[in-house]
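Worksheet: one structure, shown below.
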Amino acid sequence: MWEDEAKLSASGPGTRYITIMPFYAVMDGVSPGVQVPPHLTRIPINLISTSSDLANAFVKGKVVRKGPLVSLPLRDPILKAVIQEEDSQPNSSSQINAINIVVFGVLAKNFSEGVSPGDVVMASGFTVSKSPTASKDKLHHLNLLLSQDANIYCFCQSSSLNPTCAVASKRSSTVSAEVSNRTKTPRYTYTRLSDLKSGSVVNVYGVVVFFKQPFKSHGTDFCSSLKITDQSNCNVGCTIFCEKLEEHPKIFQIGDIVRMHRVKVKLFNKAITLVNTFGFSVITFDGKPSGTVEPRTSSRTFHFDEQDRKTVEELQTWISSQNVLPPSSTSVTLSAVQPKAYFDLTCQLLAKAPIDSTCTLLRVWDGTRSPNTFVPVDPNDVEGPTAFSREKESFIANILVYDNHSEFAKQLKLGAFLRIYNLRAVPVSSKVRDINRNQSETCDHLALHLHGGTSFGRGIRILPENSPDVQMLKRAIAFLTEDVEDCATALNDSELLEVWSTPPDFLDNEAEMCSTSAEGSIRPKLQQVTLSELKQSSPGQVYHVRAQIRSYEPSKLHQALKLFCSKCSSIQDIPDDELLASIFSEACKNSEDCSSPAWALSGSIELPSGSTQRAVKVHLSTQLKAEGKVKELLFIRGTTLEETCRLAKGYKNIVPVTASKSGLALMDLSAPFLFRGPRRYYGCKQCSKATVRELPSQGDELLDEKIIAEALGVQLLQFVLLLKLQLQDATNTLEVFLWKHAELFLGVSAEEVAISQEAQNSVHATLESLCPTEGTVGQRPWLDLSLTSYRGAGERDQNQTYYQICSPPVTRPSSAQSDHT
DNA sequence: GCTTAGGTTTCG
């Protein structure tokens, strides 16, 4: 991530410019003032006394001694060090220029990991206490005490061409600065799983092949159990005991990557196992490459550098290149739940109700049609809505969770996004009298159980809002509620049609399918129809069909990727790089000086341009800088597309701007208004009222594309996939659109497809499996699909009926299609 | 203060 910056920094001899980065600055070593708040004044060590104004003071000195991090049970870790002023008068032997510092808590851990002897540190926000060792060590008679409210700024004397973010702190309680040109020394070494020696304490990286959510042990702690592997192909079990849940590894699925520090290698039953020991820490990563490597942790501070990023990416590549993971990927949507199956479900909690002392009912949905999971419950017991519209109800699943999970479920908040592991679908048969035909029929439904215990990883996990799976789920649910509830969407049909004959939107009139149930307690099954029957039916309904895919368009996947505006419902193609490059170069020409906004710090950075360098203007929010979030958001002016992309690798968010009469302005919205790593975000030209302004403070919350778009008045466009499939059965063929449910259908997020070859390959593989280019038609799988049919709403096409797929595919053995032949 | 668990379901 930092490579390009490093090149920038090292690009010329005698580099003297300052780049803006969060935890370090590439500096000339002479201008240390950049990172230290201006209200602080330096106090010489010999002048420190109990009567000094310490609130506004900082000290500066070289670390001449650094003690170990001492962790005592039930106490904050402590670290002692000695700093010595380098620039005080050498001949003033009577003056004491060195002092003991005592660092506590996370800061101590930070210091331990991020500061080496020889580094120069500045510290502020400290208090003093009498030094008990003054007579012995001949240092200052006071100690500096640095705890939570203190800041330490570190200027590492030996620096790196790959500057490492040595002391990352979410709340920037610590800032470190590094000078360029150092040979790299890794701060942590990681042991391959094949090289573990019993009795040693090691740091390891691994890919999760099995895990259990943390559960209460019989002792004092929660216990996490996992099994990991790495390139050495060894499988190693790990047991993590921590009192606090948040200290446990945040594992969401098999294939996640964990990094653990300070685990002890033990032998149990002749097998190597890893158990956490003092100073244990863990961070986890998504195992799927997504262009950005984001550590999952609740730790305020953790070490994470360039080498870590590389290690994670190597593991991600290794996972996808090998058959590392257990074969069954059991994550399914509600619409695909098979009787008797165990599966993991990602869903949103809508309501819940206690059933008895050991059992809780969770009512959830995931945006797909639910199997019938009827559970009788007293409405008085329900937390949340007691009833939903009949159509909405058909998307909701009832899950009974037992024992330990029931206890956990009681604490869940409505609206939470959950992953429920190892759910079981139990088929239940019940005799129902059909009033119309006056005969008994067997009407099946599924009971969804999360049994007690933790075998096979049974459990519930709350997924964070920013996880890719939750993002996908939210889009599916948003589309669903739009379909189900919003009958008044204004649609710009002609524009939709222009974009590769996209259909007008579908207005769901909550058509009720065959209603042959007894007292409505069991939802009727949707009737399956043939394509011929479907074509003769009236629009505005949902149908089930069993069909094969005969062909699909577009054949080039990138053409299926579109940008969708949820406000005006317009759909547009993603502009190609050629067009973007020309927009950027136009803006470059236009980038003469203009007044910088009052809220911004403005400056320039040098970019290599052929053999020379040229300056581009950068603007940075004063407030973000004050909060230590220098790297969070950068406005940049006068760069080419290629330069912008390169810079985007080093900063969380880059907003390209251009000069206008009234100051800074966003570029033409045909171009992305925001670069986040490899991700590019676009705004709707029609619906945006964009202005460049300072972002409101987000506190500890990290900026994302939504917050930035909103602050800049940009209507964020959503990535969507749009395909046209030709279905066939024995009776007919039918063209259907796959759009709103494309992500669930294809099992990828459109945004991921936009940046990841991996995701593109996966879409390709899915389509290839459903509609192989080779082989005969007879070999193609038969799919159970739900289709909505609707009339065109535009003038030109109001007599036209369109069809859209509204379920993920469920493949059936090809013999199953014999009903309709 | 130095344990806890040590993957393997299936009652409801």
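From a predicted model like this one, the values you see are computed outputs, not experimental measurements. Letters A, B, ... are given to chains in the order of the sequence lines, protein chains preceding strands, and every chain is numbered from 1.
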- Query: With a distance cut-off below 6.0 Å to the six-membered ring centre and an angular limit of 45° from the axis, does A:Lys212 pair with A:Phe210 as a cation-pi contact?
  - Reply: no
- Message: Please classify the nucleic acid contact of A:Cys359 as base, sugar-phosphate, or nothing, using heavy-atom distances under 4.0 Å.
- Response: nothing
Rounded to the nearest angstrom, tell me the gap between atom [atom1] in [X] and atom [atom2] in [N].
{"X": "A:Leu274", "N": "B:dA5", "atom1": "CG", "atom2": "C1'", "value": "14 Å"}
{"X": "A:Glu243", "N": "B:dT3", "atom1": "CD", "atom2": "P", "value": "15 Å"}
{"X": "A:Asn404", "N": "B:dT4", "atom1": "CG", "atom2": "C1'", "value": "16 Å"}
{"X": "A:Lys264", "N": "B:dC2", "atom1": "NZ", "atom2": "C1'", "value": "10 Å"}
{"X": "A:Leu226", "N": "B:dA5", "atom1": "CG", "atom2": "P", "value": "16 Å"}
{"X": "A:Glu247", "N": "B:dT4", "atom1": "CD", "atom2": "P", "value": "20 Å"}
{"X": "A:Ile240", "N": "B:dA5", "atom1": "CD1", "atom2": "P", "value": "15 Å"}

- Message: Can you check the distance between B:dG6 and B:dT10, where both ends of the measurement are the C1' atom (answer in whole Å)?
- Response: 23 Å
Polar side-chain atom of [X] near backbone of [Y] as donor-acceptor pair, under 3.5 Å:
{"X": "A:Asn276", "Y": "A:Val263", "result": "no"}
{"X": "A:His405", "Y": "A:Ile460", "result": "no"}
{"X": "A:Tyr421", "Y": "A:Phe252", "result": "yes"}

- Where does the angle between the aromatic ring planes of A:Tyr402 and A:His449 fall among parallel (under 30°), tilted (30 to 60°) and perpendicular (over 60°)? tilted
- Under 4.0 Å protein heavy-atom contact, by nucleotide of nucleotides 7-12 of chain B - B base, S sugar-phosphate only: BBBB-B
- Message: Can you tell whether the side chains of A:Glu314 and A:Lys310 come within less than 4.0 Å, N to carboxylate O?
- Response: no
